[in-house]
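Reviewing the structure listed below.
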Amino acid sequence: MDKKTFKKVTTKIYEEYGFIKQGKYYYLNLDDVVICSGFSSMYGVTYLAYNISIKAIHSEDELKFNNMFDGYDSTENEIYFNKDSEGYHKREIRFDVWSEEYYATRLMELLHYYFDPYKQDALNHIRKCYKEIGFVHQNERMLIKGEAKKYLED
């Protein structure tokens with residue numbers, strides 16, 4: 001699959017799931033939480049990541065709808081496409097090798113895996129991940145920033 005098709009498929013799948021594309025990021029605006037997701041890269045590996053922001057501790061102006069790394073209550077959470085791989089290869093998107101059908105199917109599965117718990121009850125999901133287990137999913141840490149930590153501890 002070429003890069004243009006890859007980006008087009010990504011947008012289509014995110015929008016089918018309920019995200020809205022604004023600029024180069026995708027936003028899922030829920031009752032209690034805003035989730036921002038988009039492409040990131042490290043060591044030449046392109047991957048998808050997301051951050052969360054709890055609405056109750058931010059004014060409307062503070063909720064940034066333009067940058068995944070500015071104003072969010074979590075640090076970057078990576079979306080793992082292949083948990084059996086080692087290191088950064090867990091998150092690596094191989095659009096140059098994968099078929100469009102494989103990527104679209106896998107991406108939709110991952111959006112459900114990562115974001116269905118937020119759609120069902122975002123604040124309790126975040127509280128549980130942060131307070132009880134410290135993980136979002138199997139061995140994937142959720143790192144919460146200061147103001148959100150205080151909010152979740154109340």
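In what follows, every heavy atom counts, from backbone to side chain, and hydrogens, waters and symmetry copies are set aside.
The closest side-chain heavy-atom distance from L28 to V34 is not below 4.5 Å. Taking the side chain as every heavy atom from C-beta outward, Y118 and Y50 approach each other to under 4.5 Å. For the pair Y114/L48, no side-chain contact is recorded, criterion being any heavy-atom separation below 4.5 Å from C-beta on. V33 has its side chain out of reach of K55: every pair of non-hydrogen atoms, C-beta onward, lies at least 4.5 Å apart. Side-chain contact between L107 and T10 is present, with heavy atoms from C-beta onward closer than 4.5 Å. A heavy-atom distance below 4.5 Å is not found between the side chains of Q120 and H125.
Closest of all the heavy-atom pairs between P117 and H112 is CD-O, 4.1 Å. Scanning all heavy atoms of the two residues, the minimum distance from G38 to Y26 falls at CA-CD1, 4.4 Å. Among all heavy-atom pairs drawn from F19 and S37, the shortest one is CE2-CB, 4.2 Å. Between S41 and T46, the shortest heavy-atom distance links the atoms CB-CA, 4.2 Å.
Connection of L30 to Y113 is established within a shared hydrophobic cluster, with ILVMFWY side chains joined at heavy-atom distances below 4.5 Å, either directly or through further cluster members. A continuous path of Ile, Leu, Val, Met, Phe, Trp and Tyr side chains, each step under 4.5 Å between heavy atoms, connects Y102 with M108, placing both in one hydrophobic cluster.
Rounding to the nearest 0.5 Å places CG of D32 at 11.5 Å from CD1 of I57. How far CG of N29 is from SG of C36: 11.5 Å, rounded to the nearest 0.5 Å. Taken to the nearest 0.5 Å, the CD atom of E100 stands 12.0 Å off from the CZ atom of F6. The distance from atom CE of M1 to atom CH2 of W98, rounded to the nearest 0.5 Å, is 8.0 Å. Here the OH atom belonging to Y103 is positioned 4.5 Å from the CD1 atom belonging to I93, to the nearest 0.5 angstrom. I35 contributes atom CD1, which lies 10.0 Å from atom CG of L111 (distance to the nearest 0.5 angstrom).
Heavy atoms of other residues, nucleotides or ligands lying less than 6.0 angstrom from NZ of K8 number 12 at most.
Side-chain polar atoms of Y17 and D116 form a donor-acceptor pair below 3.5 angstrom.
The cationic group of K7 does not satisfy the cation-pi geometry with F95, failing either the under 6.0 Å distance to the six-membered ring centre or the 45° limit from the ring axis.
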